[in-house]
Amino acid sequence: MSAPDRNRDRAGLLWVLPALGFYACFVLYPLTQTARYSLYDWNGIGEATWVGLRNYLTVLTDSTLRDSVVHALILIVFFTVIPVSISLLAVAAMGRLRTGAFVSAARTVLFLPQIIPLVGAAIVWTWMYSDQGAVNQVLRAVGLSGLARPWLADFGTALPAVGLIGSWVSTGFCFVLLMAGTGKIDPALYEAARLDGANATQEFRHITLPGLRNEIGVAATITTIAALSSFDIVYVATGGGPGFSTMVPGVQVIRLAFTTGEVGLGSALAIVLLVLVLAVVVPMQVFNRRARP
Amino acid sequence: MEGFEPMATSPNIPRRTALGALLALPAASALTACGAPGSGPATTAPRTISTALPGEPTTLAMRANADQAPLWEALGSAFEDAYPQITVEVVTEDFAALQQNGPRYLASQDAPDLLRFPSPGDAVADGLLLPLQPYAEAYGWEDFPETQLNQWRIAADGHTRGDGDLYGLGVGFALVGLYTNTTALDGLGLSLPTSLEAMAEAMAAAKEAGLTPLVSSQAGLSNLLQNLMQATAAEQVSDWVLGKPGATIEGPETEAAAATLLDWRDRGFLAPDVLAVDDAAALSAFTAGEGLFYIQGSWMAAAVDQSAADIEVRFTVVPGTEPGSDLTATSAPNSFVIPAKAEHPDLAAAFLNWASIDPAARELLVATAGLLPGGPVEPEPVFTEGGALADAAAAFTEVAEADRFVDFLANASAGMLTGTLQPQIDLLIDGQIDPAAFLARLQEDVERERA
């Protein structure tokens, strides 16, 4: 490495220093504190007692805490798999008509949920899912009153119902990301395929899908993190109920640390959640980078 | 989109070492601060108290729950009217947030003089609360009905409630009871039930007549269950809530009470979607005349009187196992504590005393919030007309004279309501756990939280 290179790197470091300072202060330092608290039995105010790894043992053996991690994994289907699939279909459907009033209207409709605060989205959906809400009204209007139920208060439907709120929110984000990605696929590829007699399905499989690999990777990573660390939607819509059927680690951490005064146990669960997020997301990143042409 | 890659790392070495240095910085500071977090109770020198109000202008800082803000404001300005040199500064916030932040306000350097604080938790053990015992003796609070005070009597261990020094005082009480749609009851040719059995018979008749026999919200179910328990095991329930040594919620009586709740569910006495019913929906179903009974606190009495246009409503204590058995009522006050770090503890205590015994303050509790004044039985609040609120006041006076209040199951620990009671009741009503397992989980969670 030559001297001018090193100077340029130093200048670059100077530029990122303020941001890194904030990052260290508000993310890295609290992280070390969370790890430290997780080794104590502490109510947040009084004297703390060293308990070693006992809190971690509780997280792994307590069935309620373990189930909350399972619920977060199930939410990946709703926050990631469904939105990415819908967005791919929408992008493929609109691929042939790049412009026009219909496309911009569809783009706006799909993206709108993304600009609504999650708490607002959850409140609106709570109304729609209620016994007399829009969902049941529609079911009753089309003669399916047998299916009508209080969706968020039913043990069987609460978790999927909460998950679908997440799908609704995530789809807009995934769609815009993928739509932008299609812009950089060379139109000549489509033209060549068409000349070779490829149909819409073949075009999608052999041109659109490979061309969007990076964007799909980014969308999947970000929405998976959102699923695993979900808090707002669940906290507002169900608070984890009925029973513990929609409890997720994000809500449980807050409840343990601030309601029941078990800061140590809450911190241990937060660290387990962090490890879980890394364990799911890092392999996705590695896979995405390896598969890159 | 090439640049948009979270988690991407570049092979640029200087950046890595810089990042490493930044990572090491907090890690090092964490190591140096590696002692146990938090601190033990500070030792405070004994102080002398005064019941005299300050002569110079003084501000009383009070922090309370926002849902009752009009009451706290009204009490504050009435106190200012009575003592012009005093300014009462009322700050309110959402109840759940206040409950979570309470210990932090107590521990903070600018603690308020008076804090609305629902349940002691660890606050006494952590030395955050001012003992009110000297004030109780100076002001004569010791003569109040004991079951109004025992929720805030805490033993020397800092946790066991029921006996010991006083650490908090209630301003305005409410009790859980049974609202009866007497218009429907008369239609069925029945009179107010005086036993649980008579109540079940009336509910069966109401079911036949197409009414919801017992209107309840999801949140109301724990109050219903607690009243069924109190009919046979009031002392056991009370001891458990107060955390007396060796107390348990498990036992044949409480198990039978939970079984009765399930029996009522099976006989169709509860709405089939009761787990989805919130307080507002239950209130409107009952006041619209759709039900016969309604289990709810007296804090809803004013709302019931206001919205029940077409039906007559009475409020009674939930009946016992047989006519004439001792009545108990689930009741808790709006508890206030004085932080150990309060700037004006004497003034705060004077305010609590005034709010309990001054006739104008007692009137305000009833008129502004539909709450029942605690403290001395006299003077009784005056009601211009009948209705559920007047019934509730009469029921409160009756139970106060017999001194048979029981604190809410929800107050057994800070996390009991949201972390245990509500989800476990869902599981019980949905048939996923049986009464014995339900009680075992309540016991288990309380033991874990108190450990």
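FYI, side chains are in, hydrogens and waters are out, and symmetry mates aren't considered; it's all heavy atoms of this structure. Naming convention: chains lettered A, B, ... in sequence-line order (proteins, then strands); numbering from 1 in each chain.
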Among Gly239(A), Gly240(A), Pro242(A), residue most engaged with chain B (heavy-atom pairs, under 4.5 Å):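 Option with the top pair count is Pro242(A).
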Relative to chain A, which segment of [X] carries a heavy atom at a distance below 4.5 Å: side chain, backbone, both, or neither?
X: Gln422(B); answer: neither
X: Thr418(B); answer: both
X: Gln100(B); answer: both
X: Leu128(B); answer: side chain

Please report the closest heavy-atom contact between [X] and [Y], naming both atoms and the distance.
X: Gly419(B); Y: Phe244(A); answer: O-CZ, 3.6 Å
X: Ala276(B); Y: Ala153(A); answer: CB-CB, 3.3 Å
X: Leu427(B); Y: Phe155(A); answer: CD2-CE2, 3.5 Å
X: Ile45(A); Y: Ala107(B); answer: CD1-CB, 3.9 Å

Counterpart residues, salt bridge (Lys or Arg N to Asp or Glu O under 4.0 Å), relative to Asp430(B) (two or more places apart):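 For Asp430(B), no residue satisfies salt bridge (Lys or Arg N to Asp or Glu O under 4.0 Å) once neighbours in sequence are set aside.
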Enclosure of Tyr105(B) OH (heavy-atom neighbours >12, cutoff 6.0 Å):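 Yes, enclosed.
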Side chain from CB out, backbone as N, CA, C, O: work out which of these in [X] comes under 4.5 Å of a heavy atom of chain B, or both, or neither.
X: Phe258(A); result: both
X: Asp41(A); result: side chain
X: Trp42(A); result: side chain
X: Leu256(A); result: side chain

Reported OG1-to-CG distance for the pair Thr126(A) and Asp278(B), which is rounded to 0.5 angstrom: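 The distance works out to 11.0 Å.
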side-chain contact (heavy atoms from CB on, under 4.5 Å) between Asp62(A) and Arg448(B), intermediate numbers included: CA-CA 12 Å; Asp62(A) 183 294; Arg448(B) 196 188 71 195; 3.5 Å; yes
Residues of residues 246-255 of chain A contacting chain B, heavy-atom criterion under 4.5 Å, by residue number: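 From residues 246-255 of chain A, the residues near chain B are Arg255(A).
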